[in-house]
Amino acid sequence: MKLLTSCLILLFTASLASTAEVQAGPNGGRLITAVVPHAEFFVTPDRHVQITFWDEAGGQVAPGDQTVKVTTGNRSAPTTLTFSESNGVLLSGGVVPDGNGFPTVVQIKPTPDAKTVVERFYLNTIVCSGCDNPEYACICGH
């Protein structure tokens with residue numbers, strides 16, 4: 001059983017490492033480019049998650065029919081965050097749990113009839129000394 005668990009952890013880690021190069025958004029959060037308009041995942045100072053949508057030219061786009069769900073935290077007791085519109089962005093009703101290094105799954109449904117786009121990464125809010133972004137949005141490739 002321990003071998004199976006170790007193999008699954010290694011596969012999950014390898015899948016995260018093999019994802020495309022991380023891009024940062026204008027707010028310094030992680031830019032999710034698999035959806036159009038692109039979505040920026042950003043943890044606010046009070047640990048809410050803010051999702052801001054950006055067009056190809058870098059202009060902010062008001063949320064439309066998009067729905068977002070984020071699952072993060074300890075695997076044994078994950079936290080699921082849902083969102084509502086606030087001042088032109090989507091803001092989570094709950095907060096990210098205290099701590100770092102949580103596996104995080106962001107699910108974005110661009111329109112009610114579209115396929116859900118899934119982005120996976122580890123949520124580490126420590127600021128990178130190389131690029132000054134939080135580690136979850138680090139672009140310096142260390």
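A 4.5 Å side-chain heavy-atom check between Ile108 and Glu119 finds every atom pair outside the cut-off.
Listed for the Tyr136 side chain is a donor-acceptor partner under 3.5 Å among the backbone atoms of Val43. A side-chain donor-acceptor contact under 3.5 Å links Asn124 to the backbone of Ile126. In this structure, the side chain of Glu40 engages the main chain of Gly28 through a donor-acceptor pair within 3.5 Å. Side-chain atoms of Thr33 do not come within 3.5 Å of backbone N or O of Leu31 as any donor-acceptor pair.
Summarising the local packing, CG of Asn87 is surrounded by 12 or fewer heavy atoms from other residues, nucleotides or ligands at distances under 6.0 Å. Under a cut-off of 6.0 angstrom, the local environment of NZ in Lys69 is sparse, with at most 12 non-hydrogen atoms contributed by other residues, nucleotides or ligands.
Rounding to the nearest 0.5 angstrom, the gap separating the CD1 atom in Ile51 from the CG atom in Leu91 is 9.5 Å. Note that CD1 of Ile32 and CZ of Phe53 are 8.5 Å apart. Values are rounded to the nearest 0.5 Å. To the nearest 0.5 angstrom, Phe41 atom CZ is 12.5 Å from Leu90 atom CG. Here the CG atom belonging to Asn100 is positioned 13.5 Å from the OH atom belonging to Tyr122, to the nearest 0.5 angstrom. Taken from CG in Asp98 to CZ in Arg47, the straight-line distance is 5.5 Å, to the nearest 0.5 Å. Remark: Gln60 CD to Asp55 CG distance equals 10.0 Å, nearest 0.5 Å.
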Determine, step by step, whether Val96 and Leu81 satisfy the side chain to side chain contact (heavy atoms under 4.5 Å, CB included) criterion, reporting the C-alpha distance in whole Å, the side-chain angles of both residues, the deciding distance to 0.1 Å, and the verdict.
CA-CA 8 Å; Val96 173; Leu81 303 174; 4.2 Å; yes

May I have the step-by-step check of side-chain hydrogen bond (donor to acceptor under 3.5 Å, both in side chains) for Thr111 and Asp65, ending in yes or no?
CA-CA 5 Å; Thr111 62; Asp65 292 337; over 6 Å; no

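Counting all heavy atoms, side chain and backbone alike, Thr71 lies closest to Pro78 at CG2-CB, 3.9 Å. Here the closest non-hydrogen pair linking Gly73 and Pro97 is CA-CG, 3.8 Å. Minimum interatomic distance between Gly130 and Cys140 (heavy atoms only, all atoms of both residues): CA-SG, 4.2 Å. Scanning both residues, Ser92 and His48, for their nearest heavy atoms gives O-ND1, 2.9 Å.
Phe42 and Ile139 fall into different hydrophobic clusters, defined by Ile, Leu, Val, Met, Phe, Trp and Tyr side-chain heavy atoms under 4.5 Å apart, directly or through other members. Linking ILVMFWY residues whenever their side-chain heavy atoms come closer than 4.5 Å, directly or via other members, leaves Trp54 and Val89 in distinct clusters.
Side-chain N/O atoms of Ser76 and Asn74 include no donor and acceptor closer than 3.5 Å.
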